[in-house]
Amino acid sequence: MNLILFGPPGAGKGTQADFLNKKYGFAKLSTGDMLRAAVAAGSPLGLQAKEIMAKGQLVSDDIMIGLIRARIQEPDCTKGFILDGFPRTVAQAEALDQMLMAEKKRLDHVIELQVNDSELTQRICGRFSCKKCTAGYHDTFKRPLKDGVCDECGSTEFSRREDDNASTVAKRLDAYHAQTAPLLPYYDKENVLISIDGMADIEIVTRQIEEIIGGAGKLAAN
Ligand code: AMP
């Protein structure tokens, strides 16, 4: 099962991809996570990407396509993968189609999580995560049960993404509408696009995704 979780920043793609990764074993391929790891490692890619990300712009298609091309050939993708944050431009989508064809793989579903811009800004600006286990929290919507302590692993260290501030979020949303949203008709034409309400509770969104990938649930249960 190969999926794209599609939608603007803050739509919940990462949360749902984590869930599908844990439950079904599909590899989670988050280009944002890959770039943040490169930035943290101070690699040449990280140095190049850091400023672009801080400005809320998109890293070049060549770099992103190269990252995904290498990643989908890794053994953990054999069972399936979930793309989170890729493709973000028509050129990336076309390159993905070509690499999937070369690998004799196909896209099963592109699931769009629809959330309006004001909700997105609110969601993104309050979010933070555990430094140790990456569990996600929010200042208003999901505080840790005990203030300052991670529910999942007990760690007391948290971090916020540098680009999760109001001015960068506005630019990231502009980039989404101008460069990424045009992919919706692209995937609609390929008959793989399904749109769901990403404003619903996390569990309801999860249930809808599981209904869409129904066969995978049965597969994993066997
Ligand atoms: P994300 O974690 O998906 O919100 O991505 C964080 C930032 O990484 C974006 O604002 C972009 O600067 C960069 N980025 C992630 N994925 C891509 C991509 N597929 N193409 C271009 N830039 C990307």
Side-chain angles (χ1 to χ4, degrees), residues 2-18 20-21 27-72 81-100 107 110-115 117 119-131 134-138 159-184 186-187 198:
N2 301 320
L3 305 173
I4 295 178
L5 288 183
F6 193 92
K13 305 185 295 292
T15 304
Q16 298 297 340
D18 280 337
L20 296 171
N21 167 260
K28 175 191 175 190
L29 311 187
S30 158
T31 41
D33 285 352
M34 291 176 203
L35 292 172
R36 280 184 288 280
V39 171
S43 69
L45 166 64
L47 294 177
Q48 219 179 326
K50 191 175 165 65
E51 266 185 49
I52 301 171
M53 293 167 79
K55 286 190 205 146
Q57 295 170 352
L58 296 187
V59 174
S60 82
D61 286 335
D62 284 352
I63 291 179
M64 302 314 302
I65 291 165
L67 276 180
I68 288 295
R69 178 171 286 123
R71 188 63 187 84
I72 62 169
F81 56 77
I82 311 146
L83 285 163
D84 159 15
F86 185 96
R88 263 176 153 98
T89 63
V90 172
Q92 292 179 17
E94 288 170 349
L96 177 65
D97 277 347
Q98 282 167 10
M99 43 178 124
L100 290 176
L107 265 183
V110 176
I111 304 175
E112 180 202 9
L113 307 181
Q114 294 180 322
V115 181
D117 281 13
E119 167 88 11
L120 291 169
T121 307
Q122 232 192 337
R123 282 188 185 184
I124 296 176
C125 290
R127 70 184 179 184
F128 61 98
S129 61
C130 171
K131 256 190 178 170
T134 74
Y137 296 95
H138 191 280
S159 64
R160 286 175 197 265
R161 278 172 52 173
E162 271 180 44
D163 57 352
D164 279 355
N165 60 76
S167 76
T168 311
V169 168
K171 291 182 195 128
R172 286 160 65 197
L173 289 176
D174 286 348
Y176 175 77
H177 291 299
Q179 291 165 276
T180 309
L183 288 180
L184 291 167
Y186 180 94
Y187 284 120

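Every number for a ligand or one of its atoms is a count from 1 in the order of the listing.
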- Query: Around Glu119, counting heavy atoms of other residues, nucleotides and ligands shown, do more than 12 lie under 6.0 Å from its CD?
  - Reply: yes
- Query: Considering only heavy atoms from C-beta outward, does the side chain of Leu29 approach that of Met34 to under 4.5 Å?
  - Reply: yes
- Query: Any salt bridge between Lys171 and Asp174, counting N to O under 4.0 Å?
  - Reply: no
- Task: Write out the residue and atom name of the closest protein heavy atom to atom 22 (N) of ligand 1, then the distance separating them to 0.1 Å.
- Result: Val59 N, 3.0 Å
- Item | Shortest protein heavy-atom distance from atom 19 (N) of ligand 1, along with the residue and atom involved | Gly85 O, 2.9 Å
- Beyond-backbone contact of Leu96 with Ile4, side-chain heavy atoms, under 4.5 angstrom: yes
- Message: Between the side chains of Asp61 and Arg88, is the shortest nitrogen-to-carboxylate-oxygen separation below 4.0 Å, so that they form an ion pair?
- Response: no
- Task: For Arg36 and ligand 1, answer yes if some heavy atom of the residue is under 4.0 Å from a ligand atom, otherwise no.
- Result: yes
- Given Lys13, Arg88, Glu51, which has its nearest heavy atom closest to atom 3 (O) of ligand 1? Arg88
- Task: Specify the protein heavy atom at minimum distance from atom 16 (N) of ligand 1: its residue, its atom name, and the distance to 0.1 Å.
- Result: Thr31 OG1, 2.8 Å
- Any idea which protein heavy atom is nearest atom 14 (N) of ligand 1, and the distance to it? Leu35 CD1, 3.4 Å
- Message: What protein heavy atom lies closest to atom 20 (N) of ligand 1? Include the residue and the distance to one decimal.
- Response: Gln92 NE2, 3.0 Å
- Carboxylate-amine/guanidinium contact Arg172 Asp164, below 4.0 Å: yes
- Message: I'd like to know if Arg161 contacts ligand 1, where contact means a heavy-atom distance under 4.0 Å to any ligand atom.
- Response: yes
- atom 11 (C) of ligand 1: which protein heavy atom is closest, and how many Å away? Gln57 O, 3.3 Å
- Task: Pick one of side chain, backbone, both or neither for how Met53 approaches ligand 1, counting any non-hydrogen atom pair under 4.0 Å.
- Result: both
- Message: Any donor-acceptor pair under 3.5 Å linking the side-chain atoms of Asp33 with those of Thr31?
- Response: no
